[in-house]
Chemist: 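Below you'll find the structure I mean.
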Amino acid sequence: MSDVDKMLELLGDYEGQRRREDQSFEEGFRLGFEHGIDVGRGMAEHEIEQAWKALAEKVRAIGKGQA
């Protein structure tokens, strides 16, 4: 196959290649977005847990008359 034939083959599949690249980008973006949501939720849950622990310690201290 000559270089010209290879070039013509590649140009002939230009729309297919563009479509595959678009699909890959969309899939990567979706996966990254979903991962970001999971990470964000995990961080929020951790922060809420820490806030509740601090509040529980304050309430226990009040109950023991240490506040």
Chemist: Is the closest basic N to carboxylate O distance between E45 and R41 below 4.0 Å?
Modeler: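 Not counted as a salt bridge, because no side-chain N and carboxylate O are separated by less than 4.0 Å.
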Chemist: For the CG atom of D22 and the CD atom of E26, what is their distance to the nearest 0.5 Å?
Modeler: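 The CD atom of E26 is 6.0 Å from CG of D22, to the nearest 0.5 Å.
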Chemist: Apply side-chain contact (heavy atoms from CB on, under 4.5 Å) to H35 and V39, showing your working.
Modeler: CA-CA 6 Å; H35 180 69; V39 169; 3.6 Å; yes
Chemist: Please report the interatomic distance CD(E15) to CZ(R20), rounded to the nearest 0.5 Å.
Modeler: 10.5 Å
Chemist: For the pair E27 and R30, find out whether any cationic side-chain nitrogen is under 4.0 Å from an anionic carboxylate oxygen.
Modeler: yes
Chemist: Assigning hydrophobic clusters by single linkage (Ile, Leu, Val, Met, Phe, Trp, Tyr; side-chain heavy-atom cutoff under 4.5 Å), is I48 placed with V59?
Modeler: yes
Chemist: Look at the side-chain heavy atoms of Ile, Leu, Val, Met, Phe, Trp and Tyr, link any pair under 4.5 Å apart, and say whether Y14 and L8 land in one connected group.
Modeler: no
Chemist: How long is the gap from CE on M7 to CG on L11, to the nearest 0.5 Å?
Modeler: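 Between atom CE of M7 and atom CG of L11 there are 6.0 Å.
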Chemist: Could you go through the salt bridge (Lys or Arg N to Asp or Glu O under 4.0 Å) check for K53 and E49 one step at a time?
Modeler: CA-CA 6 Å; K53 283 181 181 180; E49 180 183 355; 3.5 Å; yes
